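On a predicted model such as this, the values are computed, not experimentally measured, just so you know.
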Amino acid sequence: MENKKDIFDKIMSLPVLRIFEGFYRKNKSILLYLFFGVLTTAVSILSFFVAGTVLGINVHIANTISWVLAVTFAFVTNRIWVFDAKCETKKEFFIQAGEFYSGRLATYFVEELILIVFVNLLTFNQDIVKIIAQIVILILNYLVSKFFVFRKKEK
């Protein structure tokens with residue numbers, strides 16, 4: 001029985017993109033994770049701007065709103081397209097969501113620790129540290145999602 005093609009499989013089977021289809025199939029989850037990671041970052045930045053600048057909400061509250069919206073967007077897209085993680089029951093869904101949010105919260109604290117150590121204590125450039133921290137967090141989030149949250153269960 002052949003797997004049903006999703007929208008990305010259909011796009012990659014277009015004549016002009018077919019030459020990349022092998023690479024896409026081999027690296028699909030990583031490519032989609034990066035694609036949705038860029039969109040998640042856009043959700044985070046846009047919602048932070050709207051909450052903080054447009055609506056005048058306190059910076060820390062705006063950051064929290066931004067984090068919740070971005071992580072929710074990431075959960076939905078990762079669950080549906082990146083890891084194709086279906087749930088049989090509502091309980092299974094809520095466990096999966098709890099694991100995802102817990103994992104993202106843990107990596108948020110890792111990022112904060114990186115910023116405290118390298119910016120506050122060692123006085124490195126905050127922009128460079130933030131970029132490096134984002135790369136570390138991107139990798140950690142992928143590993144947490146792949147091996148803990150959306151892992152394929154034995155039948």
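- Using modelled atom types, one finds no donor on one side chain facing an acceptor on the other under 3.5 Å when comparing Ser145 with Tyr33.
- Looking only at side-chain heavy atoms (C-beta outward), Lys28 and Asp9 come within less than 4.5 Å of each other.
- Proximity of Phe150 to Glu99: side-chain heavy atoms (C-beta onward) are nowhere separated by under 4.5 Å.
- No single ILVMFWY cluster, assembled from side-chain heavy atoms under 4.5 Å apart, contains both Leu113 and Ile132.
- When side chains are defined from C-beta on, Phe83 does not count as touching Leu32, because their heavy atoms never get closer than 4.5 Å.
- In this structure, the side chains of Tyr108 and Ile137 stay at 4.5 Å or more apart for every pair of heavy atoms.
- A donor-acceptor pair under 3.5 Å is formed between the side chain of Arg18 and the backbone N or O of Ser13.
- The shortest distance between side-chain heavy atoms of Lys146 and Leu143 does not fall below 4.5 Å.
- With hydrogens and angles disregarded, no donor-acceptor distance shorter than 3.5 Å links the side chain of Thr53 to the backbone of Val50.
- Among all heavy-atom pairs drawn from Ala74 and Arg104, the shortest one is CB-NH1, 3.7 Å.
- The shortest side-chain heavy-atom distance between Gln126 and Phe118 does not fall under the 4.5 Å cut-off.
- Listed by chain and number, the residues in a side chain to side chain contact (heavy atoms under 4.5 Å, CB included) with Leu34 are Ile30, Leu138 (sequence neighbours excluded).
- Two residues are said to be in side-chain contact when any heavy atoms from C-beta on lie closer than 4.5 Å; Phe36 and Leu39 meet this criterion.
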